[in-house]
Amino acid sequence: MKNGSNGNSGKGQLIVVGTGLRTVGHVTAEAVAWIRAADKVLYVVGDPVSEKLIHDLNPGAESLEVLYKQSKARIDTYRQMVERILTCVRQGYRTCAVFYGHPGVFVYPSHEAVRQARIEGYPAVMLPGVSAEDCLFADIGIDPAQAGCQSFEATDFLFHDRRTDPSSSLVLWQIGVLGNEGFNESGRYDLSLMPLLITKLLRLYPPMHQAAVYEAATQIGCPPRISWTPIPHLTQVEMSAASTLFIPPGSAPRPDAVVVHQAGAFGPAAWN
Amino acid sequence: MRYDGLIAHRAMLRDSERTERFAKAIEAVVRPRHVVLDVGAGSGILSLLAARAGASRVYAVERTPIASLAADLAQLNGYGETVFVIQADIQQVPPPEKVDVIVSEWLGAIGVDENLLAPVLIARDAWLKSGGTMIPSAVRTFMAPAELRNRPDAGFFRNRPYGLDLSPLAEPSIHDLFWQRRHVRPEDLAADPAELWSVDIETAPLERAFLPWRGEHAFIFSRSAAVNVLVAWFEADLAPGNTLTTAPSAPDTHWGQLQIPLEEPIEVARGDRLDVRFATLPVGDGPHQLAWSVSHNGGRWTLYDTRALPTAPTNGTRPAATLATPAANGNGAHLLGFLAELAGNPDALHAFIQNPEQVLEASGLPEAKRAALQSGNELQIQQVLVTERVP
């Protein structure tokens, strides 16, 4: 397949894949095939097993993690990642960009690289992967079909007046980096805004409503970390950049009386 | 302290300084036709006092079975029609009506340390009328370094008593010393007391009850001493002109003072400085954990933390990850390669799922790495992987 003058495939192409949360068992057969077949593999995976797998499949793979720097704004890092990916595509390489988890969930550079590649006329696709939310549904044992489920990035949720329904499940991503814009090598972030989030949640839920700080297992045979705690105690739970907050419904849903009436089914029998 | 038995309640009822100050506050605040809520009513003594002061109704909410004693005492004293005893968690009781006064004796040895402020604030937000009164309305915490004679310390267990090595008992004994309550005399204090923090019960937001309380002070000594404890106590404003204090200079109470031990006495001279940082940390539903640190004349800090002691309860959170320092890897096979093979080769993964023992046995992985993989502990696995990581 490599028929270009510099080892490329002739016309640039972008395939974005994910390794899943736990590479062993989560990386898909299709992702493995694309990593193996690519002229250029660029990756941001953060765990040594994924990194080893990628190098085994494609020895010339290049890490983009070197673009992260202490206290550097994330958006600047992401823009550099996008530019590096597109440079390979423009040079005519079949380029496979590999990201941790689901490549399209909480990953800005993957979407942006696909968008820009398409604008520039290159074929670009993203393959789904296993996200933290997929793991959460399985590990905590909830089905979003039952009461619905709203997902927000935690800092976005804090600073915006989102219309939250406490009769549904609520997932707040990146709770462990609440209010932090930059990358921190230590993995520890200033969570001084957590009391504001608690105050906001207490406007929606009963005072001691239980929430779970969740981290999916990243190694085979290991359990997930699930710390149930009353919402006001969230300041006491250890969190990391991988933590997600899950809040089960705090109340029963209210029937939409107008719709029920219009449907001619007003009354308790309609709900049995 | 457990509040579902009679021992604690007898001690509190016998504490006349406590009970009479609350009685005077209730008499000063409660008016005829007032409705009163007693949060964590216990034996119901404060509810009886409110009824005696003229309240038209008193809701005595108590979650432990001691509530039955409160109901009996209300009947016995002729307030059976006034005092309504409800055995429940306050947050699970919908307010039958708004109340004029909330009274609650929720205080620990330094005020906030029994983790009972939250139910009071929950009750305030749900039950209290606008402009209503909280008893107490404010609580402050104080501290001073002291020299207490004949006080056991951790050094006893470090110095081979009876010719035996009992050193493992040293650290836990620091924890135990908290419970050796006794009244500290004013002359035991080696420096002037300092206020560490205060809480306004009428305005503090609920989430404040779940956050740590922190205070720090530089104590300057007015005399030489061998400082072996930090002594802490509280003041509670019950009503205008009526403050309950457990300071060493005040009448004795069942609280005594909290004695926060130092591992070894610090010899200080007049004019010396002792920097102290102190925090009380709400953890779970029980009493707070404590952390404190001291530095004499700008020297190195000595740190103490009850969470680190073997007898300290845990809050269920995992310890911070401490990855092994990358070092030269041994000659054995790499766990990293093994896992990458499982990830990229469905047949290998299938075999591993079918018979992990056999696959591991055949893998050539050293025993320690196999044990790490079988431990189910991510940190153990990561500690191995970080030593093998691709450069």
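In the text below, chain A, chain B and the rest are named by the order of the sequence lines, each starting its count at 1.
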Original post:
Is it the side chain or the backbone of A/V32 that comes within 4.5 Å of chain B heavy atoms, both, or neither?
Top reply: side chain

Subject >> Residue B/F352 versus chain A: region with a heavy atom under 4.5 Å >> reply: side chain

Subject >> Interface residue of largest heavy-atom contact number with chain B, from A/I231, A/V27, A/T218, under 4.5 Å >> reply: A/T218

Subject >> Pick from A/V213, A/I220, A/I54 with the largest number of heavy-atom pairs that fall under 4.5 Å of chain B >> reply: A/I220

Subject >> Which atom of B/I201 lies closest to which atom of B/L117, heavy atoms considered >> reply: CD1-CD1, 4.0 Å

**OP:** Name the region of B/Q91, side chain, backbone, both or neither, that has any atom closer than 4.5 Å to a heavy atom of chain A.
**Re:** side chain

Subject >> Toward chain B, the part of A/I198 with a non-hydrogen atom under 4.5 Å >> reply: side chain

**OP:** Looking only at non-hydrogen atoms, find the nearest pair between B/V120 and B/S104 and report the distance.
**Re:** CG2-OG, 3.5 Å

Original post:
Looking at side-chain heavy atoms only, is the closest gap between A/F246 and A/I226 below 4.5 Å?
Top reply: no

Original post:
Is a side-chain donor-acceptor pair under 3.5 Å present for A/T229 with A/Q236?
Top reply: no

Original post:
Can you say whether A/A217 sits under 4.5 Å from chain B via the side chain, the backbone, both, or neither, judging by heavy atoms?
Top reply: both

**OP:** Could you tell me the separation between the CD1 atom of B/I90 and the CZ atom of B/R63, rounded to the nearest 0.5 Å?
**Re:** 12.0 Å

Original post:
Considering only heavy atoms, which portion of B/L339 lies under 4.5 Å from any heavy atom of chain A: side chain, backbone, both, or neither?
Top reply: both

Original post:
Side chain, backbone, both or neither: which part of A/T23 has a heavy atom under 4.5 Å from chain B?
Top reply: both

**OP:** Quick one: list whatever passes salt bridge (charged side-chain N to carboxylate O under 4.0 Å, His left out) with A/D139, sequence neighbours left out.
**Re:** none

Original post:
Any sub-3.5 Å donor-acceptor pair from B/T141's side-chain atoms to B/I110's backbone N or O?
Top reply: yes

